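Take a look at the structure below.
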Amino acid sequence: EDQLVESGGGLGPRGGSLRLSCVASGFRFSYYSMTWVRLAPGRGLEWLAFINTVSDVKYYAGSVQGRVAISRDNAKNSLYLQINSLRGEDSAVYYCARDNWMDVWGQGTTVTVSS
Amino acid sequence: DIQMTQSPSSLSASVGDRVTITCRASQDIGNDLAWFQHKLGRAPKRLIYTAFSLQGGVPSRFSGSRSGTEFTLTISSLQPEDFATYYCLHHSNYWWSFGQGTKVEIQ
């Protein structure tokens, strides 16, 4: 079964940083581009970032451009999202998804930004 | 950038009802649209892709249709497990845009 499992969420200080991870199993991770999406309280799903299979193409949503960085390690079947300069509006559940029209998602990891 | 406008934001319905949710694109997007179901605490689940194609394992009561720039998700006979929030998603080139979501609640 194709699976994604996120980790790395938790309580982060305002202005601080967090690094989220997503580990893939059940499929050839290196064959797929990947994305990060978040769901903030009271809001809908928001696409954040995209990375292609060899990491030479990356796109970001305007709301996080300059504060987040997506990366991957194909040898470790892992995807990452570095979030810097944490803001209150970054409090959300963060999901990784396989970019085949987002056909596979993880269960999410929760980030809470403290004041 | 292409904007997706989803409606309604919420609806109340009963088991057995026919439910329709609409997404309108700000310009022609062809069939580049998918529909997702999300229940809190769980991974979002893709229901429909490329406007019409039913994801494997998804019940046939779910269907997608298109008329110009307007896309519709139809649930032909609402079941108890269908109460959730639904989102459309458009993707083209370097942009992904979700609709605002529709919460389907028990009447």
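Just so it is clear, the structure is predicted and the values come from calculations on it, not from any experiment.
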When you check the side-chain N and O atoms of A/S71 and A/Q82, is any donor under 3.5 Å from an acceptor? no
Are the charged groups of B/R61 and B/E81 less than 4.0 angstrom apart, N to O? yes
Looking at B/R46 and A/D99, is there a salt bridge between them, counting it only when a charged N and a carboxylate O are closer than 4.0 Å? no
Go through A/G44, A/A97, A/A61, A/G108 and name the one with the most non-hydrogen pairs under 4.5 angstrom from chain B. A/G44
If you define the side chain from C-beta out and look only at heavy atoms, does anything of A/I83 sit under 4.5 Å from A/Y94? yes
I need the residue from B/Q100, B/Q55, B/H38 with the largest number of non-hydrogen atom pairs under 4.5 Å to chain A. B/H38
Counting heavy-atom pairs under 4.5 Å with chain A, the top scorer among B/W95, B/Y87, B/Y49 is B/Y87
Can you tell which part of B/L40 gets under 4.5 Å to a heavy atom of chain A, answering side chain, backbone, both or neither? side chain
Under a 4.5 Å heavy-atom cut-off, does chain A meet the side chain of B/L33, its backbone, both or neither? backbone
Hey, would you say the B/F62 and B/W35 ring centroids sit under 6.0 Å apart? no
The reported gap from OG in A/S91 to CZ in A/R38 (rounded to nearest 0.5 angstrom) is 9.0 Å
Would you mind checking which part of A/V93 comes under 4.5 Å of any heavy atom in chain B, side chain (CB onward), backbone (N, CA, C, O), both or neither? neither
Using non-hydrogen atoms and a 4.5 Å limit, figure out which bit of A/L4 sits close to chain B: side chain, backbone, both or neither. neither
